[in-house]
Participant: 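There's a structure below that I have some questions on.
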Amino acid sequence: GIDNGYDRLAPVRYWLQGADTWRIAEDWPPPDTEKVRLYPAPLSTDAKETHPLAPEAPSGSADVSFLAMPRSTLYPREVDRYETQVLRFATEPFAEDTEMVGPITLSLRISSTAIDTYLTARLSDLAPDGHRRSLSFGYQRAAIRSVDEEYSTPTEIVHERGAVEPLTPGEPVRLVFSLTVSANLFRRGHRLLLEIGSRTDLIGASFAEGFVYFDLDAPPYPARNRVHAGEDSYLEISVRSS
């Protein structure tokens with residue numbers, strides 16, 4: 001009942017990374033943002049490359065795969081010369097300062113050699129000098145991919161935790177999940193980097209970066225996971241010109 005002015009503040013107040021300032025909005029995501037989909041578009045089957053994250057779905061693009069190896073698995077380190085456990089996709093450098101503000105959705109059409117696996121993802125702001133700043137994270141178990149429409153909202157996807165659907169090895173399925181919301185100003189010349197893997201210790205965050213991040217002992221067993229490029233594989237974000 002104290003008149004301290006709190007009820008007269010804007011409904012939404014958020015910290016904009018990159019600009020290092022507070023912003024206000026009347027709703028979340030801010031009404032003047034535009035949803036944009038970016039599509040992983042591998043140029044080759046070389047998983048160790050950084051591939052494009054393109055504004056249009058690729059046609060005839062090469063699918064690309066990565067190894068999902070549990071941390072406890074012993075394997076010849078020579079494998080790391082030819083294989084990767086993390087795929088990397090990056091946009092072209094932004095031509096102008098651009099804000100990414102709001103919920104983030106990742107949709108991937110994948111197949112695996114195992115009956116279950118995990119997908120982990122990280123978004124980063126990649127500077128021209130190569131410095132990477134973490135922005136958003138997410139992970140999802142592939143065998144729990146059925147979306148719970150009753151509890152999901154426009155800003156967060158919820159899955160039916162009791163609905164276990166083992167994968168059929170080699171058969172593609174679509175996996176859709178939310179990453180943590182983010183607000184970031186990409187300066188001109190910076191790029192948005194998407195990394196995809198199966199281990200949170202390889203795609204992780206530190207408390208120093210401002211994230212409360214819990215490590216998972218996943219995936220459960222070795223597998224080769226393949227990302228199939230096309231309309232069903234995309235990153236959806238909300239953006240606006242700064």
Side-chain angles (χ1 to χ4, degrees), residues 40 42 45-49 51 62-89 104-124 134-149 151-152 156-180 193-207 209 211-230 232-235:
T45 57
D46 185 354
K48 297 183 81 68
E49 289 187 15
H51 294 278
D63 297 334
V64 65
S65 67
F66 63 95
L67 295 182
M69 305 292 287
R71 267 180 289 181
S72 58
T73 299
L74 298 178
Y75 66 93
R77 294 303 166 184
E78 187 73 9
V79 171
D80 293 331
R81 291 183 57 187
Y82 308 100
E83 300 282 355
T84 186
Q85 296 189 59
V86 177
L87 298 179
R88 292 165 56 91
F89 301 90
I104 300 170
T105 299
L106 183 60
S107 171
L108 291 176
R109 188 166 180 80
I110 68 159
S111 59
S112 179
T113 58
I115 62 171
D116 194 10
T117 191
Y118 274 78
L119 281 189
T120 64
R122 174 172 64 192
L123 295 188
S124 301
S134 298
L135 302 176
S136 177
F137 298 85
Y139 58 81
Q140 185 62 40
R141 182 181 167 191
I144 301 179
R145 59 186 179 275
S146 181
V147 175
D148 192 325
E149 301 293 349
Y151 289 100
S152 294
E156 185 173 8
I157 297 171
V158 178
H159 296 85
E160 296 182 15
R161 306 305 299 175
V164 179
E165 303 174 82
L167 301 173
T168 299
E171 183 177 305
V173 298
R174 184 179 177 220
L175 189 62
V176 186
F177 58 102
S178 294
L179 277 63
T180 54
L193 174 67
L194 167 65
E195 295 169 285
I196 300 170
S198 286
R199 282 171 47 177
T200 55
D201 63 311
L202 297 180
I203 303 181
S206 67
F207 291 103
E209 294 178 280
F211 288 90
V212 178
Y213 192 81
F214 300 98
D215 209 2
L216 289 178
D217 191 14
Y221 20 69
R224 177 176 292 279
N225 296 335
R226 184 173 299 277
V227 175
H228 299 269
D232 288 340
S233 293
Y234 60 83
L235 174 72

Participant: Spell out, as yes or no, whether a donor-acceptor pair under 3.5 Å connects the side chain of Ser233 to the backbone of His228.
Facilitator: yes

Participant: To the nearest 0.5 Å, what is the distance between CD1 on Ile196 and CZ on Arg122?
Facilitator: 12.0 Å

Participant: Please check if the side chain of Thr180 supplies one atom and the backbone of Ser136 the other of a donor-acceptor pair under 3.5 Å.
Facilitator: no

Participant: Of the non-hydrogen atoms in Pro70 and Ala68, which two are nearest, and what is the gap between them?
Facilitator: CD-O, 3.8 Å

Participant: Can you tell me how far apart CG (Leu202) and OG1 (Thr120) are? Round to the nearest 0.5 Å.
Facilitator: 7.5 Å

Participant: Give me the atom names and distance for the closest heavy-atom approach of Leu67 to Val79.
Facilitator: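 In this case the closest contact between Leu67 and Val79 is CD1-CG1, 3.8 Å.
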
Participant: Would the distance check show the side chain of Thr113 and the main-chain N or O of Ala223 forming a donor-acceptor pair, the cut-off being under 3.5 Å?
Facilitator: no

Participant: Measure the CE-CG distance between Met69 and Leu74 for me, rounded to the nearest 0.5 Å.
Facilitator: 9.0 Å

Participant: Does the side chain to side chain contact (heavy atoms under 4.5 Å, CB included) test come out yes or no for Val173 and Ile110, once each step is laid out?
Facilitator: CA-CA 6 Å; Val173 298; Ile110 68 159; 4.2 Å; yes

Participant: Do side-chain atoms of Thr84 reach the backbone of Ala47 as a donor and acceptor pair under 3.5 angstrom?
Facilitator: no

Participant: Where is the tightest heavy-atom contact between Leu216 and Arg71, given as atom of each residue plus distance?
Facilitator: O-NH2, 3.0 Å

Participant: Just jot down the side chain to side chain donor-acceptor pair (under 3.5 Å) partners of Thr117, sequence neighbours excluded, or say none.
Facilitator: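 So Thr117 forms a side chain to side chain donor-acceptor pair (under 3.5 Å) with Asn225.
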
Participant: In Å and rounded to the nearest 0.5 Å, what is the CG to CG distance from Leu108 to Leu235?
Facilitator: 9.0 Å

Participant: Would you compute the distance between atom CZ of Arg161 and atom CG of Asp148 and round it to the nearest 0.5 angstrom?
Facilitator: 10.5 Å

Participant: For Ser152 and Val158, which heavy atoms make the closest approach, and how far apart are they?
Facilitator: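 Taking every non-hydrogen atom into account, OG-N, 2.9 Å.
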
Participant: Check whether Tyr75 forms a cation-pi arrangement with Arg77 (NZ or CZ under 6.0 Å from the six-membered ring centre, at most 45° off the ring normal).
Facilitator: yes

Participant: Taking atom CG of Leu194 and atom CZ of Phe89, what is their separation to the nearest 0.5 Å?
Facilitator: 7.0 Å

Participant: For a quick check under 3.5 Å, do Asp116 and Tyr221 share a side-chain donor-acceptor pair by atom type?
Facilitator: no

Participant: Sub-3.5 Å donor-acceptor pair from the side chain of Ser107 to the main-chain atoms of Asp232, do we have one?
Facilitator: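 Side chain of Ser107 to backbone of Asp232, a donor-acceptor pair under 3.5 Å: yes, one is there.
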
Participant: Is the backbone N or O of Glu165 less than 3.5 Å from a side-chain atom of Arg145, with the two atoms forming a donor-acceptor pair by type?
Facilitator: yes

